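Just so it is clear, the structure is predicted and the values come from calculations on it, not from any experiment. Sequence lines set the chain letters: A, B, ... in the order given, protein chains first and strands last, and positions in each chain run from 1.
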Amino acid sequence: MSYCGQFAIAGVHEYESRWSPDKTSFQIMGECTRDALADAGLSLSDVDGLFGASMTMGAMGMVQFAEYLNVKPRYLDGTNIGGSSFVSHVAHAGAAIHAGLCDVALIVYGSTAASDAMAIGTGNAGGRDPSAAFVSPYGMTLVSSYAMVARRHMHEFGTTSEQLADIAVSTRHHASLNPHAKMRQPITREDVLESRVIADPLHLLDCCIISDGGGAIIVTSLERARDLRQTPVAILGSGESVAHREIGAPDLMTMAARQSGEQAFAMAGLTPAQIDFCTIYDSFTITVLLTLENLGFCKAGEGGAFVENGGIGLGGRLPTNPDGGGLSSNHSGMRGIFLVIEAVRQLRGGLGERQVEGAEVALAHGTGGYLGLMHSGATLILKKD
Amino acid sequence: MAKNQNDSSKNPTYGHPAIDWESRAYWEGAGRGELVLQRCRACGVVQHRPRGLCVSCLDGEIEHFVASGRGEVYTYSVVHQNQMSKFRNALPYVVAYVALEEGPQLLTNIVDCDPETVCIGMPVRVDFVPTPDESTGDLLGVPRFVPA
């Protein structure tokens, strides 16, 4: 029997501040742990599975965090596949719980990317090692790796900068309804197009923000979650994958999302038409458009028409990133955990102005890495119990 | 090399690439002014980046050959912001994937032209910047592309 449908998210917390120069990343992770456990109605002594990743922890970072928090879990997973890691951790936790290897899993993240002035998008890809030597000489920034995908999409399908801009406009509108979002001032399509070009064809407002932040998720069996404080959110399907340069001839229009999404939908026995809203890693506007196509919400090349004029805004055909996303609310380097947290909050309901009406089934998809080089993808399909 | 009116002193500059035994033939080829690719003698697949085995058949013997150095721009971006000083001085510059006649696509720069004139499908040819390593005596180079 599949593990899906057997486990659930019982607690979540998103760190409220986006600027925390007086905190360490472990402190943020510790506070998020406390608040997610309180949300679930559990205590630290209940946690026997520990999952996490970060941009700044060392290779043994989760061992160091276990020491920091003074916990001795019986299941440990520090898998780092980029910003999508936490989406995959939820599935890994479910598998471990289903196998009887742990009962209560804590998934946790914290970062001070903004107060550390980390150059995430405009630093340089690669490093001084032989496998990176085919990339690092050429000055490919993170932004330009996504920009090359956007340029190709425009060439193949006639997608426009205006259509990409509409993604930023919808997402900013959502952020304006979220009191914790970093950027809350509404913007127009013209604002996006007139913002400075970072890597053609992507403008400043096509790019996610950089914030401090963190979050935590508590996963347990559906049976146990039903006895806890919150309405459980069950995981019906999951998938993960990678996409890369293959042996030299990448298809930049095919994302890891295609494979991970197909698996998640098959596992859940659902189709894209049955999804009420999405949380999709919006590192850049193009990431959202191409992910929607690869997940099957529209055909290849139709993403521009799908997203324009509020298509993915609240009240649109597929509300996406109703928290304001990484484009406007919270992007502290690795956004995956926030995708899951907002999906859970929306499914529980009661979010006021930014509540997606009739939110019963959600899809969360994280992308990690460089879209035009190599990246990971992780998909979850979530349903209110 | 800088055959046109553009200021080639603004092109990105290149350091000595980090190499290992799997990639040595590629970078040494670039030092000689040759674009060297790999082909599997068993299954015939051309692969890039270079590897110590054919990842299509996990068998076979890899041979190196000199590619034509001709191709066309598959996609590109004009980079306007890079926090690293060695690239900041070259802004704006063009990062691109070039689809080679032999199949593989190379991540590279397009230089010696106005960045605004670069487009998808534009024919390009390889050009090399020698990057000798005085500490080892290796005569390496870095390939990049110019309008054909």
**Message:** Given heavy-atom pairs under 4.5 angstrom as the criterion, report whether the side chain, backbone, both or neither of A:Leu252 touches chain B.
**Reply:** both
**Prompt:** Any idea which heavy atoms bring B:Arg51 and A:Glu246 closest together, and the distance?
**Reply:** NH2-O, 3.3 Å
**Request:** Decide yes or no for B:Pro50 and A:Phe134: does some side-chain heavy atom of the first lie under 4.5 Å from some side-chain heavy atom of the second?
**Result:** yes
**Request:** Would you confirm whether B:Thr75, through its side chain, and A:Met148, through its main-chain N or O, come within 3.5 Å as a donor-acceptor pair?
**Result:** yes
**Request:** Name the region of B:Tyr14, side chain, backbone, both or neither, that has any atom closer than 4.5 Å to a heavy atom of chain A.
**Result:** side chain
**Message:** Please identify, among B:Thr131, B:Val142, B:Asp20, B:Thr108, the residue contributing the most non-hydrogen atom pairs under 4.5 Å to chain A.
**Reply:** B:Thr108
**chain A interface, residue from B:Gln81, B:Glu22, B:Gln47 that has the most non-hydrogen pairs under 4.5 Å** = B:Gln81
**Prompt:** Nearest heavy-atom pair of A:Ser136 and B:Phe87: which atoms, and what distance?
**Reply:** O-CZ, 3.7 Å
**Request:** May I ask you to check whether B:Gln105 and A:Arg245 show a side-chain donor-acceptor distance below 3.5 Å?
**Result:** no
**Portion of B:Ala90 that has a non-hydrogen atom of chain A nearer than 4.5 angstrom** = neither
**Message:** Would you say NZ of A:Lys299 has more than 12 non-hydrogen atoms from neighbouring residues, nucleotides or ligands within 6.0 angstrom?
**Reply:** no
**Request:** Quick one: closest heavy-atom pair of B:Val46 and A:Ile247, and the distance?
**Result:** O-CD1, 3.7 Å
**Prompt:** Could you give the distance from CG (A:Leu373) to OH (B:Tyr97), rounded to the nearest 0.5 Å?
**Reply:** 5.0 Å
**Message:** Looking at every non-hydrogen atom in both residues, tell me the closest pair between B:Pro143 and A:Tyr138 and how far apart they are.
**Reply:** O-OH, 2.6 Å
**Complete:** Of B:Val79, B:Val55, B:Leu91, the largest count of non-hydrogen pairs under 4.5 angstrom with chain A goes to B:Val79
**Message:** Closer than 3.5 angstrom, by distance alone: can the side chain of B:Tyr93 be matched with the main-chain N or O of A:Gly139 as a donor-acceptor pair?
**Reply:** yes
**B:Leu107 vs A:Met140, side-chain contact (heavy atoms from CB on, under 4.5 Å): CA-CA, chis, key distance, verdict** = CA-CA 9 Å; B:Leu107 183 70; A:Met140 186 184 72; 3.9 Å; yes
**Item:** Polar side-chain atom of A:Ser144 near backbone of B:Ser77 as donor-acceptor pair, under 3.5 Å
**Value:** no
**Asked** When B:Ile120 is tested against each of A:Met154, A:Glu156, A:Arg152 for side chain to side chain contact (heavy atoms under 4.5 Å, CB included), which residue passes?
**Response** A:Arg152
**Complete:** When the 4.5 angstrom heavy-atom criterion is applied to B:Tyr26 and chain A, the contacting part is side chain
**Request:** Under 4.5 Å, counting heavy-atom pairs only, tell me which of A:Ala199, A:Ala249, A:Ser145, A:Ala147 racks up the most with chain B.
**Result:** A:Ala199
**Request:** Please report the closest heavy-atom contact between A:Pro137 and B:Asn109, naming both atoms and the distance.
**Result:** O-OD1, 4.3 Å
